[in-house]
Amino acid sequence: MTAPVAIRRLNANDADFAQHLDHLLSWESVSDDGVNARVLDIIKAVRERGDAAVVEFTQRFDALEVASMADLILPRERLELALTRITAEQRQALEIAAERVRSYHEKQKQDSWTYTEADGTVLGQKVTPLDRAGLYVPGGKASYPSSVLMNAIPAKVAGVAEVVMVVPTPRGEINEIVLAAAAIAGVDRVFTIGGAQAVAALAYGTESVPSVDKIVGPGNIYVATAKRHVFGKVGIDMIAGPSEILVVCDGQTDPDWIAMDLFSQAEHDEDAQSILVSPDAAFLDKVAESIAKLLPSLEREAIARTSIEGRGALILVEDMAQAIEVANRIAPEHLELSVENPEQYLSQIRHAGAIFMGRYTAEALGDYCAGPNHVLPTSGTARFSSPLGVYDFQKRSSIIHCSAAGASELGKVASVLARGESLTAHARSAEYRIKN
Ligand SMILES: NC(=O)c1ccc[n+]([C@@H]2O[C@H](COP(=O)([O-])OP(=O)(O)OC[C@H]3O[C@@H](n4cnc5c(N)ncnc54)[C@H](O)[C@@H]3O)[C@@H](O)[C@H]2O)c1
Ligand SMILES: N[C@H](CO)Cc1c[nH]c[nH+]1
Ligand SMILES: [Zn+2]
């Protein structure tokens, strides 16, 4: 007999549904005072003592006996060596995934543009890649070669001259697939450091670690808190919370497939969130049975069970219109539309990090190799932010080139507005160019 799984059941027509949904979605992304204080101490120490502090924190938090920073630097040749230490099958999978991610992101590349007005004035925007990007690859509880590809490839496509990667190697355990992914993605330098100390080193620079212009990549609470604190000194991509999946199903997909799709994100983290919405009550029962049947077969059963029981839900809705309403309210990181003819709903979806269309598009394909980025807005932030992309590694400068005639005409307008602001040097600067 299979052990019961206590997954929450909600009905969107219940009077207190909104309240229950708010409670279900709430996740405190702000670090507690203890974590905050510790991270601030780490950042201060790295700013003041550079490499020496990074080495000390690495010894303490990653249980690594290293003598100096030299032991925490991996040259490009070491990355190339990793390519020979993985299996041919692993190398081929990495190369196929990298190629698909690269060609998808090539389409996002923005070019500089200008236009010329009738009087010869030229206006436009110059698009420039960042000089140096820092890529945080998590390495505490698990290793993520796919995240190396998803973060480094858009940077390279954007034309970033130097990509510096940091990855902790607790107890000295190096993941060869992570290094091989770095070689394939074209990462320039790797430091085996992690946590807040790695973020601080990338932001402020040390004797060995170069300071970067922007830090991207997911990480645990120490990494996220450090990223918040160094924002302003450097750019950051986003603060990514635990993984989430919302499946909307019309009741016609194999319930085992749906259960495993829910587990695919639940196995990431005890705090991950997996929710199924369907207008078919009998189907929700079948998925509940599949969950109970398949959960014990997972390698990461304990993590997935905590996630499913603590933050998961099966939600009954009146119809597909109500399902879409719930999806927009949740604004999930991943939305699976496991329905017949998903295109009919696409225009109504307003908030989702990535939308997986139809019964065959398992979210897991997007995590590894479909092509779009797997670094996505979580915790409802899809309301205002977008997947990591080439645009995160490009910045724009305005271009203004006035002709003599253009400067004269604009000078008159600027003069009036400047005098209205009592900024007379502005006004006189513009007025010098007015032709009488
Ligand atoms: N959104 C995404 O695309 C995505 C992808 C991959 C991973 N993730 C998430 O990233 C996170 C990775 O976390 P992780 O812990 O496995 O690796 P991590 O690399 O983020 O953190 C490990 C580091 O945390 C620091 N640390 C640990 N305990 C500490 C302490 N007590 N005090 C100070 N520092 C300490 C150490 O320096 C250690 O090197 C997970 O939550 C995972 O779900 C998200
Ligand atoms: N689903 C994660 C982002 O939420 C990304 C990932 C990496 N490996 C497997 N999955
Ligand atoms: Zn995943």
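Everything quoted here is computed from the prediction, not taken from an experiment. Numbering of ligands and ligand atoms starts at 1, following listing order. Note that these values count all heavy atoms, side chains included, but never hydrogens, waters or copies made by symmetry. One is the number of the first residue; the rest follow in order along the sequence.
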Electrostatic pair Arg91-Glu95, nearest N-O below 4.0 angstrom: yes
Atom 26 (N) of ligand 1: the protein heavy-atom neighbour that sits closest, reported with distance to 0.1 Å: Tyr222 CD1, 3.8 Å
Nearest neighbour in protein (non-hydrogen) for atom 21 (O) of ligand 1: Asn220 ND2, 2.8 Å
Smallest separation among heavy atoms of Asn151 and Phe393, with atom names: O-CZ, 3.7 Å
Nearest protein heavy atom with distance in Å, relative to atom 25 (C) of ligand 1: Gly195 CA, 3.9 Å
Exam field: side chain Arg132 to backbone Asp213, donor-acceptor pair closer than 3.5 Å: no
Closest to atom 9 (C) of ligand 1 among Pro218, Ser143, Gly139 (heavy-atom distance): Pro218
4.0 Å heavy-atom contact, Ser147 with ligand 1: yes
Where ligand 1 meets Gly194 - atom numbers and elements under 4.0 angstrom, heavy-atom basis: 37 (O), 39 (O)
Gln197 touching ligand 1 at heavy-atom level, < 4.0 angstrom: yes
Taking every non-hydrogen atom, the tightest pair across Glu301 and Leu295: CG-O, 3.5 Å
Within-cut-off N or O pair, Asp269 and ligand 1, under 3.5 Å: yes
Residue, atom name and distance, where the atom is the protein heavy atom closest to atom 12 (C) of ligand 1: Pro138 CB, 3.5 Å
Sub-4.0 Å atoms of ligand 1 with respect to non-hydrogen atoms of Pro168: 19 (O), 39 (O)
Glu244 and ligand 2 - part of the residue with a heavy-atom distance under 4.0 Å: neither
Per atom 8 (N) of ligand 2, closest listed option by heavy atom (Ser243, Ser143, Ser146, Gly366): Ser146
Heavy atom of the protein closest to atom 9 (C) of ligand 2 (residue, atom name, distance): Tyr368 OH, 3.2 Å
Heteroatom distance test (His374, ligand 2): nitrogen or oxygen, under 3.5 angstrom: no
Lys/Arg-Asp/Glu bridge criterion (N-O < 4.0 Å) met for Lys156, Asp188: yes
Identity and separation of the nearest protein heavy atom to atom 2 (C) of ligand 2: His268 NE2, 3.4 Å
Identity and distance of the protein heavy atom lying nearest atom 42 (C) of ligand 1: Tyr144 OH, 3.9 Å
salt_bridge(Glu340, Arg359) N-O dist < 4.0 Å: yes
Between Gln348 and Asn328: side-chain donor-acceptor atoms closer than 3.5 Å: no
Considering all heavy atoms, the nearest Pro242-Asp269 contact: CB-OD2, 4.2 Å
Polar proximity ligand 1 side, Ser243 side, N/O cut 3.5 Å exclusive: no
Polar atom proximity, Tyr144 to ligand 2 (N or O, under 3.5 Å): no
Mode of Met150 contact toward ligand 1 - side chain, backbone, both, neither (heavy atoms, under 4.0 Å): neither
Non-hydrogen atoms of Ala12 and Val317 that approach each other most closely: CB-CG1, 3.8 Å
Close approach of Tyr136 to ligand 1, heavy atoms, under 4.0 angstrom: yes
Close approach, Met150 and ligand 2, non-hydrogen under 4.0 angstrom: no
Candidate with minimal heavy-atom separation from atom 36 (C) of ligand 1, of Val39, Asp62, Leu376, Leu64: Asp62
Residue among Val39, Ile43, Ile42 satisfying side-chain contact (heavy atoms from CB on, under 4.5 Å) with Gln197: Ile42
Asp32/Arg38 salt bridge by N-O under 4.0 Å criterion: no
Lys/Arg-Asp/Glu bridge criterion (N-O < 4.0 Å) met for Glu289, Lys286: no
Rounded distance (nearest 0.5 Å) linking atom CD1 of Ile330 with atom CD of Gln273: 7.0 Å
Protein contact of atom 31 (N) of ligand 1 - nearest heavy atom, named by residue and atom, plus distance: Arg38 NH1, 3.0 Å
N/O separation below 3.5 Å, Glu333 to ligand 2: yes
Heavy-atom closest pair, residues Pro342 and Gly358: CG-N, 3.5 Å
Ion pair check, Glu270 and Arg300, cut-off under 4.0 Å: no
For atom 11 (C) of ligand 1, the protein heavy atom that lies nearest, with its residue and separation: Gly219 C, 3.6 Å
For atom 16 (O) of ligand 1, the protein heavy atom that lies nearest, with its residue and separation: Lys141 N, 2.7 Å
Donor + acceptor pair across side chains of Gln252, Asp280 (<3.5 Å): no
The single option from Asp392, Leu388, Leu149 passing side-chain contact (heavy atoms from CB on, under 4.5 Å) against Asn373: Leu388
Heavy-atom nearest option to atom 17 (O) of ligand 1, drawn from Gly140, Ala198, Ala63, Gly34: Gly140
Nearest heavy atoms of Leu130 and Lys214, plus distance in Å: CD1-CB, 3.5 Å
Protein N, O or S within less than 2.8 Å of the Zn ion (ligand 3), waters excluded: His268 NE2, Asp367 OD2
Interfacing atoms of ligand 1 (cut-off 4.0 Å, heavy-atom, Val223): 20 (O)
Flag side-chain contact, heavy atom, 4.5 Å: Val148 against Tyr144: no
Lys/Arg-Asp/Glu bridge criterion (N-O < 4.0 Å) met for Glu325, Arg329: no
